[in-house]
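See structure below.
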Amino acid sequence: MPRPARLSRNFFARSVHAVAPDLVGATLLFDRVGGIIVEVEAYHHTDPAAHSYGGQTPRNAVMFGPPGYAYVYRSYGIHWCLNFVCEAEGSASAVLIRALGPTEGLEAMRRRRGLDDPRALCSGPGKLCQALGVTIMHNGLPLDRAPFELRARSSDVPAETAIGPRIGITKAAEHPWRYGLKGSPFLSRRFG
DNA sequence: ATGAAGATGAAT
DNA sequence: TTCATCTTCATC
């Protein structure tokens, strides 16, 4: 059985609403630590909740660049959150990575998180950045080169994807796009 | 210079 | 449900 294909930057040059569900079940490694993506959220630039909605600023500049790059931002003054930039350059749309099922580098993740329970390592956007060691230093890095390694979901086992409203969003949004691996114990929250 | 809000997480 | 914590950005 062939090793799953690496995701090219071209993979992200599509609508966020197409990329987001395709990322569920894919593998995200950072410096050889990570696991299966089980939860994401799509942020289109026309969405009032998107960081790019109000135009370009120093913080969100990477979102306005070409697809296939990492957009990292500080959340609530404490946590880091990781996004993948999508769509054509200038679209300023991205997918937020919200949760992983840890498969590789468990010890490194436990050390960084100060926890043992695998379900608590990457079950949230801030948690997974802490577990993988992703910080603002990695903002703007390409996703098809080290330290990133992204592998496509194996097509023979179609992931059952759940769809629901996003987390922590109060602004009115036309598209409540949260995608998750149905029944996964590694989600940041249950769907429903 | 100042202040309010925020794509969270952990404890209560 | 509360709060820690601090950057970002708009406003003064």
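Excluded from the calculations below are hydrogen atoms, water molecules and symmetry mates; all remaining heavy atoms, backbone and side chain alike, are included. Below, chain A is the first sequence line, B the second, and so on; all start at residue 1.
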Atom [atom1] of [X] to atom [atom2] of [N]: distance rounded to whole Å?
X      : N      : atom1 : atom2 : answer
A/D47  : B/dA7  : CG    : P     : 11 Å
A/L121 : B/dG9  : CG    : P     : 13 Å
A/R189 : B/dG9  : CZ    : C1'   : 10 Å
A/I78  : B/dA5  : CD1   : P     : 17 Å
A/Q130 : B/dA10 : CD    : P     : 7 Å
A/L187 : B/dA7  : CG    : C1'   : 17 Å
A/R74  : B/dG9  : CZ    : C1'   : 14 Å
A/L128 : B/dG9  : CG    : C1'   : 13 Å

Q) Should A/R98 be listed as having a side-chain N or O under 4.0 Å from OP1 or OP2 of B/dT8? A)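 For B/dT8, OP1/OP2 do have a side-chain N/O of A/R98 under 4.0 Å.
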Q. Is A/R113 near enough to B/dA10 that one of its side-chain N or O atoms lies under 4.0 angstrom from OP1 or OP2?
A.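 Answer yes for this pair, as a side-chain N or O of A/R113 is under 4.0 Å from OP1 or OP2.
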Q: Sort out the partner of B/dG3 for me: Watson-Crick or G-U wobble, both distances under 3.5 Å, none otherwise.
A: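 In the structure as shown, B/dG3 has C/dC9 as its Watson-Crick or wobble partner.
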(Q) Run the ring-ring contact (aromatic ring centres under 6.0 Å, His included) test on A/F30 and A/H138 for me, step by step, so that the C-alpha distance in whole Å, both residues' side-chain angles and the decisive distance to 0.1 Å come before the verdict. (A) CA-CA 10 Å; A/F30 184 80; A/H138 312 295; 4.7 Å; yes
Q. Should we say atom OH of A/Y53 is surrounded by more than 12 heavy atoms from elsewhere, each under 6.0 Å from it?
A.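 No.
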**Q.** chain A contact limits on DNA chain C, taken 5' to 3' with a cut-off of 4.0 angstrom to heavy atoms
**A.**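 So the outermost contacting nucleotides come out as C/dA4 to C/dC9.
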Q) So is A/R119 actually on top of A/F186's ring, under 6.0 Å and inside 45° of the axis? A)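 Because its charged atom misses either the 6.0 Å distance or the 45° angle limit, A/R119 does not stack over A/F186.
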Q) If you draw the axis of the six-membered ring of A/F11, does the NZ or CZ of A/R14 fall within 45° of it and under 6.0 Å from the ring centre? A)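 A/R14 over A/F11 ring: yes.
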Q: Go through A/K182 and A/E39 one step at a time and tell me if the salt bridge (charged side-chain N to carboxylate O under 4.0 Å, His left out) criterion holds.
A: CA-CA 9 Å; A/K182 197 172 182 179; A/E39 183 182 336; over 6 Å; no
Q | 5' precedence on DNA chain C between A/H79 and A/I136 (nearest-nucleotide basis) | A |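 Residue closer to the 5' terminus by nearest nucleotide: A/H79.
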**Q.** Distance-only side-chain donor-acceptor flag, A/H17 / A/S15, under 3.5 Å
**A.**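 The criterion, which ignores hydrogens and geometry beyond distance, is not satisfied for A/S15 and A/H17.
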Q. Counting only distance, no hydrogens or angles, is the base of B/dA7 paired donor-acceptor with the side chain of A/Y73 under 3.5 Å?
A.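 Such a pair is found, so the answer is yes.
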(Q) Here's a test for you: under side-chain contact (heavy atoms from CB on, under 4.5 Å), which of A/L28, A/V95, A/D22, A/T27 qualifies with A/I37? (A)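 The single option meeting the side-chain contact (heavy atoms from CB on, under 4.5 Å) with A/I37 is A/L28.
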